[in-house]
Amino acid sequence: MYAQSNEGTSVTAPTSPPTAEKRDYSYSHHGITISDPYHWLKDESYPTIDDAEVLEHLKAENAWFEARMAPQQALVDELYEEMKARVKEDESSVPQKDGDWLYWSEFEQGKEYRKYYRKPVAGGEPLLILDENELAEGHEYFRLGAFSVSKNGRYLAYSADTNGSERFTARIKDLETGELLPDEIPGTLTGLAWVMNDTAIVYGLANDQWRVHDATMHVLGTPIADDVELYRETENDGFRVDAGLSAQEDWLIISTGDNETSEVRLVRADDPTGEQILVAPRKTGREYDVDLRTEDDEAVLYVHTNDDHVNFRLATASLDTPGDWTTLIAGSDEFYLDGFELFKDFYVTEGRLRGLDQIQLRSYTDPNLVKPIAFTEASFSTGLSNNPEYQTDRLRLAYESMVTPGSVYDYHVDTAELELLKQQEIPSGYDANLYQVERIEIAARDGTPVPVSIVSRKDREAGGPLHLYAYGAYGFAYPPNFSTTRLSLVDRGYAFAIAHIRGGDDLGRIWYLQGKLNERTNTFNDFVDVAKGLIAQGYTAQGRISASGGSAGGELMGVVLNTNPELWGAVVAHVPFVDVLSTMLDKDLPLTPGEWPEWGNPIESKQAFAYILSYSPYDQVAAQDYPPLLVTAGLNDPRVTYWEPAKWVAKLREFKTDDNELLLKTNMGAGHGGKSGRFASIYEVAEEYAFILWQMGEAI
């Protein structure tokens, strides 16, 4: 069994929850003063966290979590073992051709992390090129970042984070000798792009605020101090820089932007210090991304942009006049054009139609020729997978639904045939015929129909318990995907529902815009109204709904706990973004300047200040009954800093008028995603589900 962590516990289990001291602290903006007596939980030396009182409080909360969960340990173990039994331990990915090699990865029995292999297409023995388990040895946390093999196949550039802080150290391995080059670049936070005929890589560094403002080139074998800065963002502190290669890998594409504005430059990959081409200067509210295709020495620029339609169009331009865009695919109210990918003989557009993923093959010569790849389930998730070769006659696709395990297909372009290469195996057994998926719509209070994807057993009792999940931010459409861990609730009589609320771009870009800035409360109202609609339609009953969300979805949990606590039987908020106002007022925090286009800038705008204050979960905690709540945090989390959930829980303990459970678990050696490793992460899901079943009256 995976050994649970006892970090931060004392020998004697506590008999009462920790109470955070209240200390005088307040701040004022726009003539409004906010009292924040738990502000001291923010270590002022952050990102170094060494304040003894802060650490002691977090350890006390961890001790209380473990003491309260101890009677449920048998249930945690039961859930963990059944979840683990659904995992094929010696799992491997489907090999994919890239040049002269086939690449794939494998999990070995009992191992937490992957091994990466390749072998010659012409035949030969598999060669181990990277072992995550070896890299993770001695570290409580490990995450592989970039993974990029040079075009000639000789070198592997990769990066790794060993504490959850999202500062990755880049290394280069000679795949012919198996040796690591002495080159080592700490603090990266981007991909690694090979340029200059595989003699150099381009990377970006995380600054003190975890923002990347540079694209820098390192030549193999030279001192890091001699690295050449190709571009630096100096105009907008909230912008982030990234760099990658074009489809034919002959151009380096350097992009900068935030959540609503972008700007792109191009430079030859074989001459990265040469003259750069600015595609189009930044214009607030205009987003665009590009790729290039060169045929018969003529380069055509493809531009995906929202400049004249909220759902984006695809345009073309020449390199001589890169800002003069001619529409190739017009924007559509019905079809949300999410992206595109270029290949030698065709190109692919991806997007959503009525909220369902679409993959469309298109012709360079006939703009009216569109070949959609069709799937028949009521709700599903699909998209292009890894397709590294520009010249190909087949496409690698990924597909899954809430009842169909993850599937890997090759789509044969000439015959339009889908070839199933692999489907996720579930060793303990799985019968899809026992389950059903529904996609329904529930009207929000303003009349807007909100889609909901629901999976349940066919023999589920009507009105039984239901788990409701959503994210609802940043234009991220949470997919109706397959989950082996989710089955542990569904097989216990739960329906599992995903609410496709505004704030995501599930139904197009307007769906996202209607859940941000001054329309942010639509997101929260949608979630509450979906819950009420599910009750009204007999799917469940008030108090029989458990709910969860993470990060911005954790903010969602905080709001709906404040506004409608009576609806929920149990709530889990993972790394919740709940101290929204204070964070958006702190321009020195990692995410803040780049987040103002998403949430508003309360420093400059009194209206934004008042609006954020009106829903910020921490600021709106009230003296009322709250349902049982489990909160998680990561000490090294740069996205939602640990003190947000810590302050929130402290304030809830002060104000709530009930005796329901309130638990905070802080991973002292991890970041935004919780513990790393496939079994360690499963164990945390087992803890979450045990809490839900316990509080919903389903536990022993």
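Quantities reported herein were computed from a predicted structural model and do not represent experimental measurements.
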Within the distance-only criterion (no hydrogens, no angle test), does the side chain of [X] pair as donor or acceptor with the backbone N or O of [Y] below 3.5 angstrom?
X      : Y      : value
Glu61  : Ala646 : no
Thr177 : Glu179 : yes
Ser605 : Pro602 : no
Thr261 : Gly285 : yes
Asp214 : Arg232 : no
Tyr231 : Gln276 : no
Ser616 : Val580 : yes

Polar side chain donor-acceptor pair, [X] to [Y], under 3.5 angstrom:
X      : Y      : answer
Ser385 : Arg396 : no
Glu644 : Thr583 : yes
Ser45  : Asp50  : yes
Glu684 : Asn667 : yes
His218 : Asp183 : yes
Thr216 : Glu229 : no
Glu598 : Trp596 : no
Asp637 : Thr641 : no

*Return yes when atom CD of Glu604 has more than 12 non-hydrogen atoms of other residues, nucleotides or ligands closer than 6.0 Å, and no otherwise.*
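Result for CD/Glu604: open.
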
*asked:* Tell me whether the count of non-hydrogen atoms from other residues, nucleotides or ligands lying under 6.0 Å of CD in Gln391 goes above 12.
replied: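 12 or below, so no.
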
Between [X] and [Y], does any side-chain N to carboxylate O distance fall below 4.0 Å?
X      : Y      : value
Lys97  : Glu389 : yes
Glu132 : Lys115 : no
Lys111 : Glu134 : no
Asp98  : Arg118 : no
Glu595 : Lys587 : no

*What pairs with Lys647 under side chain to side chain donor-acceptor pair (under 3.5 Å), at least two apart in sequence or on another chain?*
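For Lys647 the side chain to side chain donor-acceptor pair (under 3.5 Å) partners, ignoring immediate neighbours, are Asp36, Asp579.
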
_Would Arg171 and Tyr158 count as a cation-pi pair here, with the cationic atom under 6.0 angstrom from the ring centre and within 45° of the axis?_
no

_Cation-pi, Trp599 ring and Arg520 (6.0 angstrom, 45 degrees)_ =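 Relative to the ring axis of Trp599, which defines the angle, Arg520 lies outside at least one limit.
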
*Keeping to residues at least two apart or across chains, list the side chain to side chain donor-acceptor pair (under 3.5 Å) pairs with something in residues 195-207.*
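Found Asn152-Asp198, Tyr203-Asp227.
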
Before we go on, tell me: are the rings of [X] and [Y] under 6.0 Å apart, centre to centre?
X      : Y      : result
Tyr113 : Phe142 : yes
Trp325 : Tyr288 : yes
Tyr471 : Phe476 : yes
Phe340 : Tyr347 : no

*asked:* Using side-chain heavy atoms (C-beta onward) and a distance below 4.5 Å, is Thr188 in contact with Leu205?
replied: yes

*asked:* List the residues meeting salt bridge (Lys or Arg N to Asp or Glu O under 4.0 Å) with Arg154, not counting sequence neighbours, and say none if there are none.
replied: Asp174, Glu176

*Parallel, tilted or perpendicular for His57 and Trp40, by the 30°/60° rule?*
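His57 and Trp40: perpendicular rings.
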
*Closest contact, heavy atoms only, Trp104 versus Pro95*: CB-CA, 3.8 Å

